[in-house]
Amino acid sequence: MPEIPGTPQVPGQLPQQRRSVAGRGGLNTEGSREAGAAAGVPGGSAQNAAANVPAKRYFGFHNDASLLARLGAMGVSPTLEHLRIAKELLRYGQGIDGDAIAQIAKQWSELGFPDPNYLEAIVLAYSQGIRMNPGAIDALLQLLSGGPFTHLLARLTMALKAEPNTKMLGLGRKLTAFWQLGKLEQRPVQQLPQFQGLLSGMAEELSRLEARGLGSETALELQRLKQLFEGQKLLANAGNPVQIFPFFIWRDAQPLPGEVLVQQEGGGQRGVATAFVRVTLAIDTRHLGRITVELTFIRGRLTVLIEVPEDTVKKRVEARLALLRQSLAAVPYEVDSISVRTVGPARTISALLPRRRDVRRLSRAEGIL
């Protein structure tokens, strides 16, 4: 598997983005305003100039017409293709930049235009600083559109039964052991090492297998699973490294997929005071949709954020927060807050994927197209 680079400029990689759009959707004009104000302020100090910059006021929300007008004002051809790229950039929290739009349009035309899934994979790579090449884009595309990992493993299991092959005996045994997990008689957290061991063994075996001599369906599912593992590795190593522990739970004869993500910083002599740890648990449920619980530990304090798909689920969770507080009373941390947030239907793919914004909810600043 390819190594994940930092952010050096290399052929095929997008240039470092210049954030020309502020986080809430307005152009980043503070620098020019400060310079103009400084010219008319005694002493021309940046502090005095900044004090005279009026606060932004926001009105309404973005729509296609406002974004097309902005592209035209930036010197970017206001085409539907460029509009789709701009909206995808905003969804992933990236500013609109003419050079970035041109580079992404070029990558998109070479890899999969007009498929919107390829566009999302390219923008995802761009937003995470992942080096762009066809293999990386295919891996991210599999992660974005291939469904939960349990679906891929189920399809591979069925393909091995339909197309038996002696080359696949080792992988078949690992799959059999894998499907024995996820039973509620044993706590899921206690099974995480077993899940991790089996999935790591599968990934290692996949790296040695060759498609030659395998049935067409088996070869296809093996390739999809390889790309899934590669996509997980790319995202887990982008930015601050994240450990990922996929698992599932059997409910009503269905394997409900879930993940535990662990991200941490700090350590050393002052590790207790400065260490930062975030543990994210995401799991599909039969009737409540996808639930995500984010536990953040910093300076000995704990913050809990629960994300649910709709308000009716939020009310049900909030009604049981007292029980959660009682359970957390035993942990050696001071609980800062426990909150529940409605985020809408979540994609049941991977919690490694960054949160996407709703472009229609990005505010427009006064004086900005």
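For the single chain, residues carry numbers from 1 onward in sequence order.
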Once side-chain contact (heavy atoms from CB on, under 4.5 Å) is applied, do any residues pair with [X], and if so which ones, sequence neighbours excluded?
X	answer
T79	S77, E81, H82
E204	R208
R355	E294, E307, R341

Exercise for the section: Please lay out, stage by stage, how L119 and R84 fare under the test side chain to side chain contact (heavy atoms under 4.5 Å, CB included). Expected result: CA-CA 9 Å; L119 173 59; R84 292 169 72 180; 4.1 Å; yes

Restricting to side-chain hydrogen bond (donor to acceptor under 3.5 Å, both in side chains), what partner residues turn up for [X], sequence neighbours left out?
X	value
K87	D64
R224	E221
S127	none
E110	K106

Drop me the distance from [X]'s [atom1] to [Y]'s [atom2], to the nearest 0.5 angstrom.
X	Y	atom1	atom2	result
L175	T157	CG	OG1	4.0 Å
L225	L199	CG	CG	8.5 Å
I306	I291	CD1	CD1	8.5 Å
L152	R155	CG	CZ	4.5 Å
K174	M168	NZ	CE	10.5 Å
L206	Q227	CG	CD	11.5 Å

Do [X] and [Y] share a hydrophobic cluster (ILVMFWY, side-chain heavy atoms under 4.5 Å, transitive)?
X	Y	result
L228	M158	no
F229	L192	yes
L214	L220	no
L169	M202	no
L305	L352	no

Show me the side-chain donor-acceptor pairs of residues 242-253 shorter than 3.5 Å, one per line, residues at least two apart or across chains.
from	atom 1	to	atom 2	distance (Å)
W250	NE1	W179	O	3.3
W250	NE1	L181	O	3.0
D252	OD2	R286	NE	3.4

Handout entry: Side-chain donor or acceptor of Q191 paired with backbone N/O of G182 under 3.5 Å
Key = yes

Could you name each residue pair satisfying salt bridge (Lys or Arg N to Asp or Glu O under 4.0 Å) that touches [range], not counting sequence neighbours?
range	answer
residues 178-191	none
residues 71-80	none
residues 234-244	none

Heavy-atom pair with the smallest gap, counting every atom of [X] and [Y]:
X	Y	result
T342	E310	CG2-CA, 3.6 Å
P114	W108	O-CZ2, 3.6 Å
A282	T292	CB-OG1, 3.8 Å

Using only heavy-atom distances, determine whether the side chains of [X] and [Y] contain a donor-acceptor pair under 3.5 Å.
X	Y	value
N117	S145	no
S350	E259	yes
Y92	E120	yes

Problem - Flag if over 12 foreign heavy atoms under 6.0 Å of NZ, K315 - result: no

Handout entry: Greater than 12 external heavy atoms within 6.0 Å of Q190's CD
Key = yes

Output side-chain donor-acceptor pairs under 3.5 Å for residues 320-335, partner residues at least two apart or in another chain, one line each.
from	atom 1	to	atom 2	distance (Å)
S327	OG	L323	O	3.1
E334	OE1	R301	NH1	3.2
E334	OE2	R301	NH2	3.3

Practice task
Run the numbers on I122 and L140 for side chain to side chain contact (heavy atoms under 4.5 Å, CB included), then give the verdict.
Solution key: CA-CA 8 Å; I122 292 168; L140 295 176; over 6 Å; no

Problem - Presence of salt bridge, E88 and R91, under 4.0 angstrom - result: yes

Exercise for the section: For residues I338 and T303, determine if any side-chain heavy atom of one lies less than 4.5 Å from a side-chain heavy atom of the other. Expected result: no

Handout entry: Side chain proximity check, M132 to Y126, heavy atoms < 4.5 angstrom
Key = yes

Practice task
Start with the C-alpha gap between V277 and L295, add the side-chain angles, then the distance that decides, and say whether side chain to side chain contact (heavy atoms under 4.5 Å, CB included) holds.
Solution key: CA-CA 8 Å; V277 179; L295 307 173; over 6 Å; no

Exercise for the section: Mind running side chain to side chain contact (heavy atoms under 4.5 Å, CB included) on E230 and L234 for me, showing each step along the way? Expected result: CA-CA 6 Å; E230 177 63 14; L234 287 170; 3.9 Å; yes

